Amino acid sequence: MLPSWRRRLIPKWRDSSITSKLPESLPVSKKITVDYDFSSIDNQNYVLKILEEWRENKSIGGAANLLSFGHVDKLHPLIREPAEYILKSKQYIPGHLLNLAKRISGINQDIVKQKRNPEQTQKFYVDAALLKKKINTNPQDAISLVDLARIYSSLGQNKKAERAILTAVNLYPDHRFILRSASRFFIHNNDAEQSLYLLNKSERTRNDPWLMAAQISISVILEKPQRLIKKAKEIINSQSYSSVHMSELCGSLATIQIIDGNNKDARRNFNKALAVPNDNTIAQAIWVSQYYKMQITTKAEWFSDPLSSEAKYYNYDLLGDFEGALDAALEWQYDEPFSINPAIAAVYMASILEKYEDSEKYAKRALLLHHDDINLMNNLVFALAAQNKIKEAENILGTVIKHEQHIGKVSPQSIANLGMILYRNSDFIEGEKMYRTAIELYEKEQDSFRKAMAISFLAKEATIAKASNAECLRAEAKSFVKKTSSKPAEKVLSTIEGIDLIDRAPSLIKPIKWKYDKERNIIILPKSKPFRE
């Protein structure tokens, strides 16, 4: 259920780390190669330089870039002007950016809980119309093109989004903000090859730490040679760049090192990344500490920024505060409605908390944008089966398994979901067999986290079904979970205590018979006809 490390590596769409700015009007022939001198160590002078240029060509995008320094309290007086500019704007402003602008401007009021109303579809259409009007007036307004692409992507209109983002790239092929936005879009659109192509094509990538970080991360995703690793190490070791510019590059290199088992260098580079971190680097470090069992000492100020919803999610998950993690996941999803990661996080947390109706709702809403994502579909199967919506769960699981068999491998999650459905159909023996198969596969993958979850859910389903060996399964689950210290698995086990009060789901009149071929790792689906005969 957790997002994979490959997904976690990708840069954000319109993240708070962008420090370059594109004027609203520039001739097409004017290529931007370097926006600012990275060698300055003095962040205050750096911000003053950006602020001076922003005043000459004011825009929401430029103001948002200046607000990326909002985590440094002493810089608030310098960036109060762009914060107020954002607050006075009549354009659509994301909730996290509004909250940050209010905090910098000194407005003392509670953070707006916009996550409670994440569907801004009508507002998106209105804003898209306004942006198109701006672009018609000034076809070289690349910032508006990027914003338009983001709105189209949030609406699931990826073809229109692609046209807008490529137009922006063609206008300014070496601009950091545009390249990173385009890179994020193509990752989101399952076209990592195009993302890497755009970054490799730009000469600036070889000298810009921000673009270099994105290029290295995407090379890892595609399992391509990391051609810039040596250059990245040279830049990091040179200490000629400000810490704020090195944060993501150090974080990307540290993640690769931890994957390769080089924990010592990874810890050193993460410490460099977290000297002056942005929200993406913080989230990356906390995720790595959780996934690879590395101790991390967090700082309270990392989570005071409204932009840090993703980091908050991983931190709450690490602490076992699942209510907090769900709230953070919903905030994260509001901030990035086009992204699949916060959707998966929200669905997962709602299921851990037994909020199955919410989990179903979040999954179905996310599948409108990511209609073929197997992970989300499997999460939906779980949420449906937990509510005893067995027929609907079986239909979706059948689609998932057919797809997985087409690509050559049925996932342990699908097999565990099948075990759950079999238990709900009163087929305890086959249900346990499926769970045991999933557990065995997780063990082969050395994934103790998911193995703990599978054992815990096996014990829970056996208890719900009043199976004769339920008590033995609970003891087995408690013993294994104690060794792994998995807080989500501990939470699952804690929900078993009062389960005897729950009536077992009624059996289906004719339960569907599934067969599993262990040698070929395939599930033989039952044959069915359009009409019952």
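Worth knowing before you read on, the calculation uses all heavy atoms, side chains too, and leaves out hydrogens, waters and symmetry mates. The structure displayed is predicted, hence computed values, not measured ones.
A salt bridge links K355 with E323; the closest basic N to acidic carboxylate O contact falls under 4.0 Å. A salt bridge is defined here as a Lys NZ or Arg NE, NH1 or NH2 lying under 4.0 Å from an Asp or Glu carboxylate O, and K364 with E392 meets this definition. We find that K491 and E354 are not joined by a salt bridge, their nearest charged nitrogen and carboxylate oxygen being 4.0 Å or further apart. Look at E490 and K482 and you find no salt bridge, because none of the NZ, NE, NH1 or NH2 atoms lies under 4.0 Å from a carboxylate O. The pair R436-E476 meets the salt-bridge criterion, since a charged nitrogen lies less than 4.0 angstrom from a carboxylate oxygen. Under a 4.0 Å N-O distance rule, the pair R365/E360 does not qualify as a salt bridge.
A donor-acceptor pair is defined here as one N or O able to donate and one able to accept, closer than 3.5 Å; no such pair exists between the side chain of S252 and the backbone of L249.
Counting only heavy atoms from C-beta outward, the side chains of T281 and F270 never approach each other to under 4.5 Å. Side-chain contact check for E440 versus T437: every heavy-atom pair is 4.5 Å or farther apart. In this structure the side chain of P488 reaches within 4.5 angstrom of the side chain of Y348, judged on heavy atoms. Side-chain contact between K433 and I429 is present, with at least one heavy-atom pair separated by less than 4.5 Å. Inter-residue side-chain proximity for E432 and L473 is flagged as met; some heavy-atom pair is nearer than 4.5 Å. Taking the side chain as every heavy atom from C-beta outward, L493 and I496 approach each other to under 4.5 Å. Side-chain contact check for I464 versus R424: some heavy-atom pair is nearer than 4.5 Å. For the pair Y316/D327, no side-chain contact is recorded, criterion being any heavy-atom separation below 4.5 Å from C-beta on.
In this structure, the separation between CG on D373 and CG on L367 is 7.0 Å, given to the nearest 0.5 Å. Rounded to the nearest 0.5 Å, atoms CD1 (I258) and CZ (R267) are 7.0 Å apart. Rounding to the nearest 0.5 Å places CG of N158 at 5.0 Å from CZ of F185. Atom SG of residue C250 and atom CG of residue N269 lie 5.5 Å apart, to the nearest 0.5 angstrom. Between the CD1 atom of I396 and the CG atom of L376 there is a distance of 11.5 Å, given to the nearest 0.5 Å. Distance check: L397 CG to L380 CG gives 10.5 Å after rounding to the nearest 0.5 Å.
One side chain, D265 or N262, offers a donor N or O that lies under 3.5 Å from an acceptor on the other. With 3.5 Å as the limit, one finds a donor-acceptor pair spanning the side chains of N379 and Q413. A donor and an acceptor atom, one from each side chain of T484 and S448, are nowhere located under 3.5 Å apart. A side-chain N or O of S414 and one of S411 form a donor-acceptor pair less than 3.5 Å apart.
Of all non-hydrogen atoms in A345 and Y313, the two that sit nearest each other are CB-CZ, 3.4 Å. Across S153 and A161, no two heavy atoms sit closer than the pair N-CB, 3.8 Å.
Between F449 and Y442, the gap from one ring centroid to the other reaches at least 6.0 Å.
The one candidate from R450, K451, K409 that meets the salt bridge (Lys or Arg N to Asp or Glu O under 4.0 Å) condition with E445 is K409. For the side-chain contact (heavy atoms from CB on, under 4.5 Å) with Q257, the qualifying choice from L253, D260, I259 is L253, the only one to do so.
Classification of the F382-Y356 ring pair by plane angle, with boundaries at 30° and 60°, yields perpendicular. Using a 30° and 60° split on the angle between ring planes, Y423 and Y435 fall in the tilted class, from 30° to 60°.
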